[in-house]
Amino acid sequence: MKLNEKQLQDFKRKFSDILNEKDIITDQDTIAPHLSDWVGNISGSSILMLTPRNKEQVSKILMLCNDKNIAVVPQGGNTGSVASGIPNGEIILSLKKMNKIISIMPDDYSITVESGCILSQVQDAAMEASRFFPLSIGSEGSCTIGGNISTNAGGISVLKYGNMRDLVLGLEVVLQDGKIMNSLKRLRKDNSGYATKHMFMGAEGTLGIITAASLRLFPKIENKVTAFASLRDLDATIQLLETLKSFSGELLSSYELIPKIGLDIAITHGDDLKSPISDVKEWNVIIEYSDTKNNDNANESLQNTLAYAIEKELVCDAAIASSLSQTQNIWKIRKAIVEHQPKLGGEIKHDVSVPVSCVPEFIRSTTQKLVEYLPGVRPVPYGHIGDGNIHFNVCPPRSYNSDVFKQSTEEIREIVYGNAHTFGGSFAAEHGVGLIKKKQMLKYKDEVELQLMKDLKSFLDPKNILNPGKIF
Ligand code: MLT
Ligand code: ZN
């Protein structure tokens with residue numbers, strides 16, 4: 001149930017027994033930024049936002065809400081893109097004030113933090129302890145650890161370190177009735193029954209409220225080497241990936257696809273960006289090596305492998321960044337594609353994955369189907385192909401009216417998602433389901449698995465007060 005104006009005063013009084021006055025927010029100007037995400041697809045509403053400062057307060061809030069059948073929508077940094085944190089009249093439960101680093105244990109390679117910690121805060125704390133926390137995503141300066149876990153965030157280092165799920169050792173979760181599940185152990189091995197903590201990861205706040213987490217740390221990275229390579233063709237992207245893996249093993253930390261159209265967008269609209277090489281081919285990649293040793297090992301290894309790949313005609317040309325500004329230029333190109341792509345007259349975003357070996361054929365066949373549907377359409381497939389995740393965004397034909405293009409959204413989505421499904425892929429590789437992909441959930445998710453998810457939801461949240469209406 002949503003909170004209405006009539007109930008508001010009564011609930012404000014009840015919440016004031018739990019929270020400080022300033023953590024009970026009704027001012028619409030303060031609430032406004034929490035009602036839509038950066039993609040701006042959907043605008044929500046809420047007349048109340050709560051900002052608890054500890055798990056006991058979260059527990060009491062949920063106890064009360066569960067008792068009175070009032071729903072909450074948990075929110076971290078609100079940096080998602082599928083509207084999973086957008087309220088539709090429910091109370092917003094912002095975890096942002098729960099932002100303490102609880103402990104850091106360098107010898108155990110672990111850090112325990114409250115869920116409202118900003119990702120970059122955790123990266124910095126790890127660094128100060130001569131350790132490394134590898135999750136790296138565009139919004140790392142504002143997204144929170146709770147949001148990262150609830151969406152099982154990915155990013156540019158999944159290839160080497162895994163998704164957020166792989167970086168979590170333990171969780172503390174407040175259940176719908178206010179009970180606190182304490183599973184904050186910092187263990188790599190714990191086979192004592194079901195791995196219950198995994199239920200809450202990627203659940204988008206529909207099964208419980210994550211209030212703290214123990215996370216894995218890694219040895220500090222002393223040397224990073226970044227290169228930009230132009231490849232013979234799409235097949236060469238996967239052949240080069242295999243060559244890099246077999247030659248350099250653990251050094252390879254990122255492998256990102258940059259199509260020429262993406263590079264052109266970045267150079268044209270980005271701030272003072274330069275192409276790293278002059279003769280840019282249709283398909284390019286950013287390669288990053290990360291080494292715990294501060295010597296020439298990573299640089300030499302990448303140089304030798306690229307020389308070999310040029311000899312084998314996988315790579316046409318490549319440049320290894322030799323300064324910080326060259327490295328930044330390469331990564332800024334990657335970022336600028338995301339930011340400036342809408343300037344091509346609009347974009348329809350897709351975040352899909354297929355088995356790595358299928359990436360070239362998937363990109364070719366999806367492009368062909370799109371062009372058959374709408375001649376002149378401009379696909380911009382880019383991103384984390386090292387782990388099979390492609391941001392297969394689609395821009396309209398040149399000089400096409402963007403409103404007319406929007407009318408094709410459903411058809412274009414179905415072409416991309418349908419084809420990913422044909423290749424054994426996923427329609428929601430990285431950004432989750434939220435409100436945006438509920439239709440695909442019904443269409444593509446295995447029926448039995450979907451029913452199991454619904455059963456789990458009814459069991460853990462029988463009154464449907466936790467982020468109702470999201471995922472399914
Ligand atoms: C990225 O990899 O940069 C993002 O996931 C892309 C996006 O937000 O669309
Ligand atoms: Zn991504």
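For the numbers below, each heavy atom of this structure counts, side chains included, while hydrogens, waters and symmetry mates do not. In listed order, ligands and their atoms are each counted from 1.
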Exercise. Going by the order shown, which atoms of ligand 1 are within less than 4.0 Å of some heavy atom of Y382?
Worked result: 6 (C), 9 (O)
Exercise. Of all N, O or S atoms in H391, which has the smallest distance to the Zn ion (ligand 2)?
Worked result: NE2
For this session: Measure from the Zn ion (ligand 2) to every N/O/S atom of E430 and report the name of the nearest one.
Result: OE1
Problem set entry | atom 5 (O) of ligand 1: the protein heavy-atom neighbour that sits closest, reported with distance to 0.1 Å | H431 NE2, 2.8 Å
For this session: Could you tell me whether K343 atom NZ has more than 12 heavy atoms of other residues or ligands within 6.0 Å of it?
Result: yes
Exercise. In ligand 1, which numbered atoms sit nearer than 4.0 Å to a non-hydrogen atom of K349?
Worked result: 7 (C), 9 (O)
For this session: Check each atom of ligand 1 against the heavy atoms of H391 and keep those under 4.0 Å away; list them by number with element.
Result: 1 (C), 2 (O), 4 (C), 5 (O), 6 (C)
Exercise. How are the rings of F423 and F362 set to each other: parallel, tilted or perpendicular (split at 30° and 60°)?
Worked result: perpendicular
Problem set entry | From T409, V416, I415, residue fulfilling side-chain contact (heavy atoms from CB on, under 4.5 Å) relative to R413 | T409
For this session: Provide, to 0.1 Å, the distance between atom 2 (O) of ligand 1 and the closest protein heavy atom, together with that atom's residue and name.
Result: R334 NH2, 2.7 Å
Exercise. Do side-chain atoms of E372 reach the backbone of K369 as a donor and acceptor pair under 3.5 angstrom?
Worked result: no
Exercise. Do D37 side-chain atoms and A83 backbone N/O form a donor-acceptor pair below 3.5 Å?
Worked result: yes
For this session: Check the pair N467 / K470 against side-chain hydrogen bond (donor to acceptor under 3.5 Å, both in side chains), numbers first and verdict last.
Result: CA-CA 6 Å; N467 212 3; K470 308 294 167 37; 2.7 Å; yes
Problem set entry | Where ligand 1 meets V338 - atom numbers and elements under 4.0 angstrom, heavy-atom basis | 3 (O), 7 (C)
Exercise. Against heavy atoms of E430, which atoms of ligand 1 measure under 4.0 Å?
Worked result: 5 (O)
For this session: Give the atoms of ligand 1, by number and element, whose distance to some non-hydrogen atom of H384 is under 4.0 Å.
Result: 2 (O)
Problem set entry | Residue part near ligand 1, for K335, under 4.0 Å between non-hydrogen atoms | neither
Exercise. On the ring face of Y109, is R131 found with NZ or CZ under 6.0 Å from the centre and within 45° of the axis?
Worked result: yes
Seminar exercise, completed: One finds that the ligand 1 atoms under 4.0 Å from a non-hydrogen atom of W38 are 8 (O)
Problem set entry | Heavy-atom check, side chain of Q440 versus side chain of H421, under 4.5 Å | no
